> 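Please find one structure pasted underneath; my questions will follow.
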Amino acid sequence: MRFSWLAGIGLCSTLLFGCVSESTIVDSKVPGERPTDNKQIARTRLSLGLNYLQRGETSQARFNLEKARELAPEMPEVDNALAYYYQQVGEFEQAEDAYRDALRKDHNNADTYNNFGAFLCQINKFDEAEELLLAAVKRPGYIRVADSYENLAFCALGRKDFEKYQQYLEQALRHNGVKHSIEIGRAHV
């Protein structure tokens, strides 16, 4: 009798441990783990990519920026950062495409208008550059108006329109009277 009682307990224990040890994983998240936010991870990748780019490590920059695009392809900031990357490595056609993608995703982003306009000025597409830079200035809540006017001034200088150059410098000064680069540029006129 004693043997059967022990055998019964052993059998129950085996069945009990067998049931406990078998499990089905329904969710791959660890209990208590915070849900992943792809946009936040993408922003971190953007920051890493831009830091690498600033240090001249273009391979690492591109890797992180491409990862950001994989994580959050709908974020205009990703296209804006990729456009800047392409601009820095001399891939101007890809830069232009990326800036256009950023504007398609967010047509109210004044920083994209400014950056794209400054880029177009750099590659001597002055008319479109001026249009974009003026669009940046007109965006509600845009706080870098002086920067856009300064970009407009240098763009006008590039096309040798000295009257507009002076006009845009004056506008930049009205929006931010402490800009040292404007004062230096003004002294050379």
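Keep in mind it's a predicted model, so treat the numbers as computed, not measured.
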> Would you mind checking if E130 and R159 are paired as a salt bridge, meaning a charged N to carboxylate O distance below 4.0 Å?
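Here R159 pairs with E130 in a salt bridge, since their nearest N and O are under 4.0 Å apart.
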> Who pairs with K138 by salt bridge (Lys or Arg N to Asp or Glu O under 4.0 Å), at least two apart in sequence or on another chain?
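Once residues adjacent in sequence are excluded, K138 has no partner under the salt bridge (Lys or Arg N to Asp or Glu O under 4.0 Å) criterion.
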> Check whether L152 and F162 end up in the same hydrophobic cluster, where Ile, Leu, Val, Met, Phe, Trp and Tyr are linked by side-chain heavy atoms less than 4.5 Å apart.
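No; F162 is not reachable from L152 via cluster members.
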> Run through Q94, Q122, E96 and flag the one making a side-chain hydrogen bond (donor to acceptor under 3.5 Å, both in side chains) with Q87.
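Looking at Q94, Q122, E96, the match for Q87 under the side-chain hydrogen bond (donor to acceptor under 3.5 Å, both in side chains) is Q122.
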> Give a yes or no on whether the backbone of D111 and the side-chain of N115 come within a donor-acceptor separation of less than 3.5 Å.
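Side chain of N115 to backbone of D111, a donor-acceptor pair under 3.5 Å: yes, one is there.
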> Any Lys/Arg nitrogen of K125 or E128 sitting under 4.0 Å from an Asp/Glu carboxylate oxygen of the other?
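No salt bridge links K125 with E128.
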> Taking atom types as modelled, find out whether E170 and Q166 have a side-chain donor-acceptor pair closer than 3.5 angstrom.
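Short answer, yes.
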> Might you work through the side chain to side chain contact (heavy atoms under 4.5 Å, CB included) test for S148 and Y142, ending with a clear yes or no?
CA-CA 10 Å; S148 292; Y142 183 50; 3.0 Å; yes
> Can you list, by chain and residue number, the hydrophobic cluster partners of L65 when the side-chain cut-off is 4.5 Å?
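Once heavy-atom contacts under 4.5 Å are chained together, L65 belongs with L46, L50, L53, M75, V78, L82, Y84, Y85, Y86, V89, F92, Y99, L103, Y113, F116, F119, L120, I123, L132.
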> Closest heavy-atom contact between D79 and K105?
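Closest pair (atom of D79, atom of K105, distance): OD2-NZ, 2.6 Å.
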> Under a plain distance cut-off of 3.5 Å, with no hydrogens placed, do N151 and N114 share a side-chain donor-acceptor pair?
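Yes, side-chain donor-acceptor contact under 3.5 Å.
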> Under a 4.0 Å threshold between the charged nitrogen and the carboxylate oxygen, would R100 count as salt-bridged to D97?
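Result for this pair is no, no salt bridge flagged.
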> Can a donor-acceptor pair be found between the side chains of S59 and Y52 at a distance below 3.5 Å?
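No, no side-chain donor-acceptor contact under 3.5 Å.
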> When L71 is tested against each of R45, E66, K39 for side-chain contact (heavy atoms from CB on, under 4.5 Å), which residue passes?
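Testing each of R45, E66, K39 against L71, the sole residue satisfying side-chain contact (heavy atoms from CB on, under 4.5 Å) is R45.
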> Is there a path of hydrophobic side-chain contacts, each under 4.5 Å between heavy atoms of I/L/V/M/F/W/Y residues, joining L134 to V145?
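Yes, V145 connects to L134 through the hydrophobic network.
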> Which heavy atom in F126 sits nearest to a heavy atom in C121, and how many Å separate them?
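So the minimum-distance heavy-atom pair works out to CE2-O, 3.7 Å.
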> Hey, quick one: are L169 and Y149 part of the same hydrophobic cluster, counting side-chain heavy atoms closer than 4.5 Å, chains of contacts allowed?
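In one cluster with L169: Y149, no.
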> Same cluster or not: are V137 and L133 linked, directly or through other Ile, Leu, Val, Met, Phe, Trp or Tyr residues, by side-chain heavy atoms under 4.5 angstrom apart?
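Yes.
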